[in-house]
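Note: hydrogens, waters and symmetry copies are ignored here, and every other heavy atom, side chains too, is used.
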Amino acid sequence: MQRLDLKQLLSQKLSPQQIQFIKLLQIPTAELDMRIKEEMEVNPALEEGPEDEFERSEEENDSGDDFDSDDSLDEDFDNNRDDDGPGLEDDYRQDNDDIDLGDYIHDDEIAGYKMQGDGPGEEEDRDMPIAGTSTLTDALLDQLNFLNLDEKQHAIGEQLIGSIDNDGYIRRDLSAIVNDLAFSQNVEVDLEEVEAVLREIQTFDPPGIAARDLQECLLLQLERREQDYTTEIAEQIIQDCFDEFTKKHYAKIQSRLDIEDDELKEALNIILKLNPKPGGTSAGLAKAQYIVPDFIITNDNGQLNITLNARNAPELRVSRSYSEMFDAYDKGAKKDKKLKEAVTFVKQKLDSAKWFIDAIKQRQNTLLRTMDAIVRFQHDFFLDGDETKLRPMILKDIAQEIDMDISTVSRVANSKWVQTEFGVYPLKYFFSEGIATDSGEDASSREVKQILKDIIDKENKKKPLSDDKLEKMLNEKGYNIARRTVAKYREQLNIPVARLRKEL
């Protein structure tokens, strides 16, 4: 019980600066702007603006009694070890009877502060979304508006689009939609009118949208293709032999359609490239998330350069008007109670603004130190993007490298992205378990997955390899891996079992 009480006591000693830092560190870049705006709304002493508007003297930065130097917050935070290490005493002490104005008057000490390590640096770099779309529903309604429909037809179209489910299908019976229109919108329509509008919607993008079942979805997509002999065979397979197709009864399909092996194979290749879920995974109603990279890595003739997205480097300063309020107090009647209360309030806001600026700075420093360590650890991968060159790496490896707590590295890895010349990756992508090899070294699980994928890609599709055979082949290559692990990796790669990989 005593040990538990001690742990609780220590965990309560996180300073306000550390708490501020912890919360800011785990915020992804896409949300940082909003967090800064929220802070500015509650603290008028914090302002955003260009650095050259005022100058912040290094002497004043060093002399502040309530704030750590540039690296001290990082050091304090990691010495504290988050959950079970010794905590720091609260640095802030509010004393209404003894206000030290030395840090605040007759200077522009807290005037402007621009973060170091900006990305390629221009203002437009602050907005770097890699992916983002409007909702599927919005996109379909936009296409509906381009059709020359009367009021009734438009109402039918809106009802149909609203009935599209997460996967892009209309699985409700059309007669139920007729009833919906009658009861909810007082629009009387018949089944033929609904079917007519549905056929129009089924010509919208993405191909296959608004189908009533998988068979119709595939046919809608095949109709969009350039019509040739192979496409015609593919349409016949889906139209006339759909049950046989789903059960992989290829011999029955050949016999029924009277086609050769190569003709069947080419048609199947077309079908297997179609999208069975044209609605995607966005549920059709939720906006897609923006992926904003926190880091940009460029390769300059083998020299890897790391920069932060400029949105991680906001220009923040403490309000000059608040400093001038202290200047007025210094010259005024210091015993005036109301004025003293006002200055106490202003001092709190100034403290809070300086803490926030310092926490933002420490966030930036921690991001750069973590990314630099990851790049050094996975240097070969970042040169050319070859996944087989990824080394086994766990959070502890990076934490030891940068002398920070594992929880700090975890907060960075779980919410940050890096843009490379060969793709955008979440940082957690680079952390993986190690697998022992015959040579005594560790191999990345991702390396093993790539080799497993290569083996399956090259297998004889008429006799696909079972998980037992894949296990033996990996063991022969020196990877000590069990069959259940092979099955797990195969599933993670979205590769079906051998029976379903069988082809003619």
Side-chain angles (χ1 to χ4, degrees), residues 129-144 157-174 176-177 180 194-195 197-226 230-231 233-250 253 266-291 423-424 426 429 449 453 456-457 487-497 499-503:
I130 297 302
T133 64
S134 61
T135 68
L136 174 62
T137 301
D138 289 342
L140 294 173
L141 289 173
D142 286 343
Q143 295 176 74
L144 183 70
E158 289 182 338
Q159 191 71 33
L160 286 168
I161 289 173
S163 301
I164 294 175
D165 67 12
N166 296 0
D167 295 333
Y169 289 83
I170 293 181
R171 291 192 168 96
R172 295 194 69 211
D173 192 276
L174 293 188
I177 293 177
D180 289 342
V194 175
E195 287 178 338
V197 177
L198 175 60
R199 285 193 294 272
E200 293 288 346
I201 293 175
Q202 288 176 340
T203 65
F204 293 174
D205 287 325
I209 198 69
R212 286 162 284 187
D213 53 39
L214 176 61
Q215 184 179 19
E216 185 176 42
C217 178
L218 299 178
L219 284 171
L220 289 171
Q221 294 177 63
L222 288 170
E223 289 172 2
R224 302 274 195 103
R225 291 182 57 88
E226 181 177 347
T230 304
T231 303
I233 293 177
E235 288 181 354
Q236 283 185 292
I237 292 172
I238 300 302
Q239 183 70 57
D240 303 322
C241 309
F242 187 70
D243 187 56
E244 290 85 350
F245 166 75
T246 59
K247 295 177 181 178
K248 289 181 173 282
H249 292 166
Y250 299 131
I253 294 175
E266 290 176 7
L268 291 176
N269 284 338
I270 291 176
I271 295 171
L272 294 176
K273 291 177 182 178
L274 303 177
N275 184 5
K277 295 182 179 181
T281 58
S282 63
L285 298 173
K287 290 204 173 187
Q289 292 291 321
Y290 283 99
I291 298 176
V424 179
Y429 173 83
K449 287 181 186 178
K453 183 177 182 299
I456 293 175
D457 286 345
K488 181 180 77 171
Y489 287 174
R490 177 180 50 71
E491 291 171 358
Q492 290 174 351
L493 290 166
N494 293 319
I495 297 175
V497 296
R499 176 176 57 83
L500 296 178
R501 300 199 306 272
K502 185 176 181 180
E503 298 177 5

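- Counting heavy atoms from C-beta outward, R490 and V497 have side chains that approach closer than 4.5 Å.
- Side chain of Q221 to backbone of N275: a donor-acceptor contact under 3.5 angstrom is found.
- When side chains are defined from C-beta on, L274 does not count as touching C217, because their heavy atoms never get closer than 4.5 Å.
- Closest non-hydrogen pair, P207 versus R224, comes out as CG-NH1, 3.6 Å.
- Residues L222 and I270 meet the side-chain proximity criterion, which asks for heavy atoms closer than 4.5 Å.
- Atom NZ of K502 has 12 or fewer heavy atoms from other residues, nucleotides or ligands within 6.0 Å.
- In this structure, the side chain of R212 does not engage the main chain of D173 through any donor-acceptor pair within 3.5 Å.
- Atom CG in L140 sits 12.0 Å away from atom CD in E158 (nearest 0.5 Å).
- Listed here is the closest heavy atom pair of G157 and L144: C-CD2, 3.9 Å.
- Residues Q215 and I238 approach most closely at NE2-O, 2.7 Å, considering heavy atoms.
- Using a 4.5 Å heavy-atom cutoff, the side chains of L198 and I177 are not in contact.
- Of all heavy-atom pairs spanning P278 and P206, the tightest one is O-CG, 3.3 Å.
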Apply side-chain contact (heavy atoms from CB on, under 4.5 Å) to the pair E235 and T231, showing each step before the final yes or no. CA-CA 6 Å; E235 288 181 354; T231 303; 4.2 Å; yes
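- Minimum heavy-atom separation, I253 to E244: CG1-CB, 3.7 Å.
- When side chains are defined from C-beta on, L136 counts as touching I209, because their heavy atoms get closer than 4.5 Å.
- One distance of note links CG of D457 with CZ of R501; it measures 9.5 Å at 0.5 Å rounding.
- Looking at Q202, its side chain does come within 3.5 Å of a backbone N or O of A210 through a donor-acceptor pair.
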For L268 and F245, what are the C-alpha separation, side-chain angles and deciding distance, and is it a side-chain contact (heavy atoms from CB on, under 4.5 Å)? CA-CA 9 Å; L268 291 176; F245 166 75; 3.8 Å; yes
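- The structure places OG1 of T230 at 11.0 Å from CD1 of I271, a figure rounded to the nearest 0.5 Å.
- Residues L174 and L160 meet the side-chain proximity criterion, which asks for heavy atoms closer than 4.5 Å.
- Here D213 contributes atom CG and F242 contributes atom CZ; the two are 7.0 Å apart, rounded to the nearest 0.5 Å.
- Interatomic distance, CG of D165 versus CZ of R172, reported as 11.5 Å (0.5 Å rounding).
- Looking only at distances, no side-chain donor or acceptor of D167 sits under 3.5 Å from a matching main-chain atom of Y169.
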